[in-house]
Amino acid sequence: MEVELLTIVRRRPVPDMSSHRLLQAHLEQDLGMDSMKIIELLEEVEEHFGFSIADEELAHLRTVRDLYSSIEKNAAAAQA
């Protein structure tokens, strides 16, 4: 799932950085995404992985790692 997420993020005009740095990157400050770009990213992630991220979780998404953690949580819940 991590590789898939990073591939989705890299489809956007983001700075060239290692996977490790990209996971730590802040969506707004490091990747230069405004709220509309973040919404577009979330829509693509939800479509790709086949589930919606809860509104409560959305408020806490700041980094690519936060988004990855949310994907893992939702994937585990879907399998339970």
Side-chain angles (χ1 to χ4, degrees):
M1 283 188 288
E2 181 178 304
V3 171
E4 293 169 275
L5 174 60
L6 293 177
T7 299
I8 292 169
V9 172
R10 285 188 170 120
R11 288 185 192 142
R12 280 137 186 81
V14 297
D16 186 31
M17 58 181 68
S18 69
S19 294
H20 176 74
R21 281 195 58 215
L22 186 56
L23 277 171
Q24 303 306 320
H26 189 278
L27 296 170
E28 292 178 15
Q29 295 170 354
D30 299 326
L31 302 182
M33 292 186 179
D34 60 17
S35 58
M36 195 63 187
K37 298 285 184 200
I38 293 171
I39 290 170
E40 291 170 358
L41 172 65
L42 294 173
E43 287 175 346
E44 185 174 350
V45 165
E46 289 176 337
E47 182 178 322
H48 178 83
F49 290 102
F51 51 75
S52 295
I53 298 172
D55 290 341
E56 301 82 42
E57 290 180 62
L58 294 176
H60 302 287
L61 297 179
R62 301 285 181 257
T63 67
V64 177
R65 169 80 62 202
D66 294 339
L67 182 53
Y68 179 68
S69 295
S70 180
I71 291 167
E72 283 186 314
K73 177 181 171 185
N74 281 288
Q79 292 178 356

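No experiment lies behind these values; they were computed from the predicted model shown. Along the sequence shown, the residues carry numbers beginning at 1.
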Donor-acceptor contacts, no H, no angles, side chain residues 24-32, under 3.5 Å, sequence neighbours left out:
{"unit_1": "H26", "atom_1": "ND1", "unit_2": "E28", "atom_2": "N", "d": "3.1"}
{"unit_1": "H26", "atom_1": "ND1", "unit_2": "Q29", "atom_2": "N", "d": "3.0"}
{"unit_1": "D30", "atom_1": "OD2", "unit_2": "H26", "atom_2": "N", "d": "2.8"}

Donor-acceptor pairs are to be reported for all side-chain atoms of residues 3-12 against protein atoms at under 3.5 Å, with residues two or more places apart or in another chain.
{"unit_1": "E4", "atom_1": "OE2", "unit_2": "H48", "atom_2": "NE2", "d": "2.8"}
{"unit_1": "T7", "atom_1": "OG1", "unit_2": "V3", "atom_2": "O", "d": "2.9"}
{"unit_1": "R10", "atom_1": "NH2", "unit_2": "M17", "atom_2": "O", "d": "3.1"}
{"unit_1": "R10", "atom_1": "NH2", "unit_2": "S19", "atom_2": "OG", "d": "3.4"}
{"unit_1": "R11", "atom_1": "NH1", "unit_2": "E44", "atom_2": "OE2", "d": "2.2"}
{"unit_1": "R12", "atom_1": "NH1", "unit_2": "I8", "atom_2": "O", "d": "2.9"}
{"unit_1": "R12", "atom_1": "NH1", "unit_2": "E44", "atom_2": "OE1", "d": "3.1"}
{"unit_1": "R12", "atom_1": "NH2", "unit_2": "E44", "atom_2": "OE1", "d": "2.7"}

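Distance check, rounded to the nearest 0.5 Å: CG of D66 to NE2 of H60 gives 10.0 Å. Here the straight-line distance linking atom CD of E47 with atom CG of L42 works out to 13.0 Å at 0.5 Å rounding. Taking CE of M1 as the reference point, atom OH of Y68 lies at 5.0 Å (rounded to 0.5 Å). If you take OG on S70 and CZ on F49, they are separated by 10.5 Å, rounding to the nearest 0.5 Å.
Residues L61 and I38 fail the side-chain proximity criterion, which asks for heavy atoms closer than 4.5 Å. No side-chain heavy atom of N74 sits under 4.5 Å from any side-chain heavy atom of I71.
Around the CG atom of D34, the shell of radius 6.0 Å holds more than 12 heavy atoms that belong to other residues, nucleotides or ligands.
Looking only at distances, a side-chain donor or acceptor of R62 sits under 3.5 Å from a matching main-chain atom of A59.
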